[in-house]
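These numbers come from a predicted model, not from an experiment. FYI, the numbering just counts along the sequence from 1.
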Amino acid sequence: MKDSFVQSLSYLPSDADCLEAFLNEKLEEGYRLKWIKAGFAGFVKTDYPHFRYAVDQYPNASLISLKRESKIRMGLYNENDWYFLAKTRGNYIFFTDNEEAEYPNFEKDLKIKTVDAESKRNAAIIFIIGILVYLCVKSKAFMYTYVFTNLYMYITLILAYLAGVSFAAIFMYSKQKYRLINKIYKTDIAEALKRGRLYTVRNIGVIALALLCYLFETKDTPLNWVFLLIPIVAMVGGAIVIKKIFNKSPEKDGRKLVPLTYGIGAVLLVAVLFSFTSINRLNKETAQREYAESLAKSSTYPVLEYDDFFDGEKTSQCRELNSLFGVNYLFQETDGENTVFSNYSSLNNSAAADVVFNYLFEQAQTDYQGTFELKAADNTYAQLYSIPDKYAYLIRRGNEIILMTLTDGANSEDVEAKLIELTTK
C-alpha cells in the first residue's frame, strides 16, 4: 500500500454528492484527501477510524454568492464539528473525525439549484462572447485591424472553443436537470468523473490552442521554442523532485520540503528571467533584420515613391504586417517638407478585402474632409477614387487596396499618370 499518491480528479460543480461519495470511498481504502487543485488531488495513507467528508455546493447554488461560502454557513459546520479542508470549483470540502457529528443538511434541492446556476453561468459566457463578437464586427476600425492581426484571430479561436465548451456544459446540465425532475438521478461516481472531464478538456484545450498559436507565430524563429521550454522543464523537473521526496516519507521529510521548494523556486525564477531576456533579444534581432528586408521590398510593391514627384534627400520608413488573411505594407518617404505615403494591402479573399476597402474609404474622407469621386475604372476589376484638391487617392484592384496621399507640392499630372498606371497594370 502506497504512502501517498496523486490522481486526476475533476467534477462538475453540481456533482458535489459524487465527489463526497468518492472521497469517502477512498477513506474506506485507507486514504484521506491531502489537497485538491486544478483537476488533481493528493491522497495520503490514514488510519483514522471515524474520518468522514461532506462536500457543500451551496456557493454554487446561487449566482449572487460568487462561489464563496458565507460566514454563517461556515459557522454552522464548525458548530457541528465539521472543519474546512479545501475548495474545488466552488464546492467546499469539510471533514470530521467525530463519529457522532451530525451530517449537515441545511437546505433542500441544492443540486438542482446548482444545475440551474451553472447553466446560467455558461449561458452568460456564450452571451458575453456573442455580444463581444457583435460589437467587434460592427466596428469598421476594429475589423480593419483584425484582418492584419493574427493575435486577434487566435483569441477568436480560443473564444469559439470556450463557447463550444459552454454549449456542452449546458447540455450536460440539462440532462442532469431532466433526471432530477423525473427522480431518476443516481449518485454515480464513474459517470460524474466522465462529466468532470469537460473542465479538464477545457483547460487542456485552451493551453494547447495558445501553445499551438505561439508555435505557429514563431515558426520562423524556432530558437524561441527552446527558450520557452527552459522554464517549463525547470518547473516540471522541480515538481517531480518534490513528489518523489515527499512520497518517500511525507511526515519525516516535511521540514525538508520548504527549503527545497524555495530552492526550486529560485531556479525557476532564474530560468524564467533567462528565457525572457533571450527571447526578447532574439526578437529584437529578428525585427531589425525583417525591417531591412521590408524596406527593400518597396520597389516590388505598387506604392508611390518620392523620386516620382520630388527631388532631394529623403528618408524612408516602412511597416509590413503579414497575417493569415494577407499582407499590409505601409511605406512613407519624406524630406521634411514633402511627403509621399502609401498603404498597400493584398488580401487572400474578397471578404477581407471589402473590410479593408470600406474602412479606408470612410476613414480617408473623414481625415481629409472630402468625398471620394471615381476617377478611372478598368471594367469592374480596378477602380481609382480621389478626393478633389486633397491629394488623397484610393485604388481597388480585385483583392488589392492601395491608399495614397501626397503633399500639395506634387505635380498633379505626374500623380494622375502614375495612379492610372497602378490602376490599369
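Within the model, atoms OH of Tyr11 and CG of Asp17 stand 9.5 Å from one another, a figure rounded to the nearest 0.5 Å. For the atom pair CE (Met74) and CD (Glu69), the distance works out to 6.5 Å, reported to the nearest 0.5 Å. If you take CZ on Phe40 and CD on Gln7, they are separated by 10.0 Å, rounding to the nearest 0.5 Å. Residue Lys87 holds its NZ atom at 8.5 Å from NZ of Lys37, rounded to the nearest 0.5 Å. The distance from the CD atom of Glu118 to the CG atom of Leu12 is 8.0 Å, given to the nearest 0.5 Å. Atom CD1 of Ile131 and atom CD1 of Ile126 lie 13.0 Å apart (nearest 0.5 Å).
For the pair Thr315 and Tyr306, the minimum side-chain heavy-atom distance is 4.5 Å or more. In this structure, the side chains of Ile402 and Pro302 come closer than 4.5 Å at one or more pairs of heavy atoms. By the 4.5 Å heavy-atom criterion applied to side chains, Val206 and Tyr161 are counted as neighbours. Residues Met153 and Phe325 form a side-chain contact, since some pair of their non-hydrogen atoms from C-beta on lies under 4.5 Å apart. Looking only at side-chain heavy atoms (C-beta outward), Gln176 and Asp15 come within less than 4.5 Å of each other. In this structure, the side chains of Ile181 and Ile112 come closer than 4.5 Å at one or more pairs of heavy atoms. No side-chain heavy atom of Thr88 sits less than 4.5 Å from a side-chain heavy atom of Val55. Using a 4.5 Å heavy-atom threshold, the side chains of Leu330 and Phe341 count as touching.
Side chains of Asn348 and Asn399: no donor on one and acceptor on the other come within 3.5 Å. With 3.5 Å as the limit, one finds no donor-acceptor pair spanning the side chains of Tyr301 and Ser342. Between the side chains of Ser14 and Thr114, no donor-acceptor pair of N or O atoms lies under 3.5 Å. A donor-acceptor contact under 3.5 angstrom links the side chains of Arg89 and Ser10, judged on distance only. Asn328 and Ser345 share a donor-acceptor pair across their side chains, judged by distance under 3.5 Å alone.
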Let's go through Tyr53 and Lys26 carefully: what are the C-alpha distance in whole Å and the side-chain angles of both, what is the deciding distance for side chain to side chain contact (heavy atoms under 4.5 Å, CB included) to 0.1 Å, and is it a yes or a no? CA-CA 10 Å; Tyr53 290 104; Lys26 286 298 177 185; over 6 Å; no
Walk me through it: do Phe95 and Leu33 pass the test side chain to side chain contact (heavy atoms under 4.5 Å, CB included)? CA-CA 10 Å; Phe95 73 93; Leu33 179 68; over 6 Å; no
Between Glu20 and Asn91, is the side chain to side chain donor-acceptor pair (under 3.5 Å) condition met? List the steps. CA-CA 10 Å; Glu20 182 179 302; Asn91 290 331; over 6 Å; no
Steps toward side chain to side chain contact (heavy atoms under 4.5 Å, CB included) verdict (Asn24, Phe51): CA-CA 8 Å; Asn24 286 318; Phe51 214 83; over 6 Å; no
Could you walk me through whether Leu19 and Gln57 satisfy the side chain to side chain contact (heavy atoms under 4.5 Å, CB included) test, starting with their C-alpha distance in whole Å, then the side-chain angles of each, then the deciding distance to 0.1 Å, before giving a yes or no? CA-CA 11 Å; Leu19 175 58; Gln57 57 186 301; over 6 Å; no
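Annotation for Glu293: atom CD counts as buried by contact number, over 12 foreign heavy atoms lying within 6.0 Å. Counting non-hydrogen atoms of other residues, nucleotides and ligands closer than 6.0 Å to CZ of Phe167 gives a total of 12 or fewer. Other residues, nucleotides and ligands place no more than 12 heavy atoms under 6.0 Å from the CD atom of Glu100. Enclosure of atom CD1 in Ile72 is not indicated, since only 12 or fewer non-hydrogen atoms of other residues, nucleotides or ligands lie within 6.0 angstrom. No more than 12 heavy atoms of other residues, nucleotides or ligands lie within 6.0 Å of OH in Tyr152, so this atom counts as exposed by the packing criterion.
At least one donor-acceptor pair under 3.5 Å links the side chain of Ser298 to the backbone N or O of Leu295. Put simply, the side chain of Asn349 gets close to the backbone of Ala351: a donor and an acceptor are under 3.5 Å apart. With hydrogens and angles disregarded, a donor-acceptor distance shorter than 3.5 Å links the side chain of Thr334 to the backbone of Gly336. Checking side-chain atoms of Thr149 against main-chain N and O of Leu151 turns up no donor-acceptor pair under 3.5 Å. Between the side chain of Arg73 and the backbone N or O of Gly75, no donor-acceptor pair lies under 3.5 Å. Between the side chain of Ser139 and the main chain of Leu135, no donor-acceptor pair closer than 3.5 Å is present.
Here the shortest heavy-atom pairing between Ser119 and Ile170 reads O-CG1, 4.0 Å. The shortest non-hydrogen separation linking Leu304 to Val340 is CB-CG1, 3.5 Å. Heavy-atom minimum distance, Glu102 versus Trp82: O-NE1, 2.7 Å. Considering every non-hydrogen atom in both Cys18 and Arg195, the closest pair reads SG-NH2, 4.3 Å. Shown here for Arg121 and Ser62, the closest heavy-atom pair between the two residues is NH2-O, 2.9 Å. Across Asn80 and Ala101, no two heavy atoms sit closer than the pair O-CB, 3.4 Å.
The aromatic rings of Phe94 and Phe84 stand perpendicular to each other, their planes meeting at an angle above 60°, with 30° marking the opposite boundary.
Residues passing the ring-ring contact (aromatic ring centres under 6.0 Å, His included) test with Tyr393: none are found, sequence neighbours excluded. Partners of Phe22 according to the ring-ring contact (aromatic ring centres under 6.0 Å, His included) rule, which considers only residues two or more places apart in sequence or in another chain, do not exist here. Applying the salt bridge (charged side-chain N to carboxylate O under 4.0 Å, His left out) criterion to Lys175, with sequence neighbours excluded, gives no partner residue. Applying the salt bridge (charged side-chain N to carboxylate O under 4.0 Å, His left out) criterion to Lys177, with sequence neighbours excluded, gives Asp116.
Salt-bridge formation is not detected for the pair Asp97/Arg52: no Lys NZ or Arg NE/NH1/NH2 atom is positioned less than 4.0 Å from an Asp or Glu carboxylate oxygen.
Listed by first then second residue, pairs satisfying ring-ring contact (aromatic ring centres under 6.0 Å, His included) with a partner in residues 168-207 number zero, not counting sequence neighbours.
Between Tyr92 and Tyr58, the ring centre distance reaches or exceeds 6.0 Å. Ring centroid separation for the pair Phe5 and Tyr31 comes in under the 6.0 Å cut-off.
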Acceptor/donor pairs from residues 355-364 side chains to any protein atom, 3.5 angstrom cut, sequence neighbours excluded:
from, atom 1, to, atom 2, distance (Å)
Asn358, ND2, Asp354, O, 3.0
Glu362, OE1, Lys140, NZ, 3.0
Gln363, NE2, Asp367, OD1, 3.0

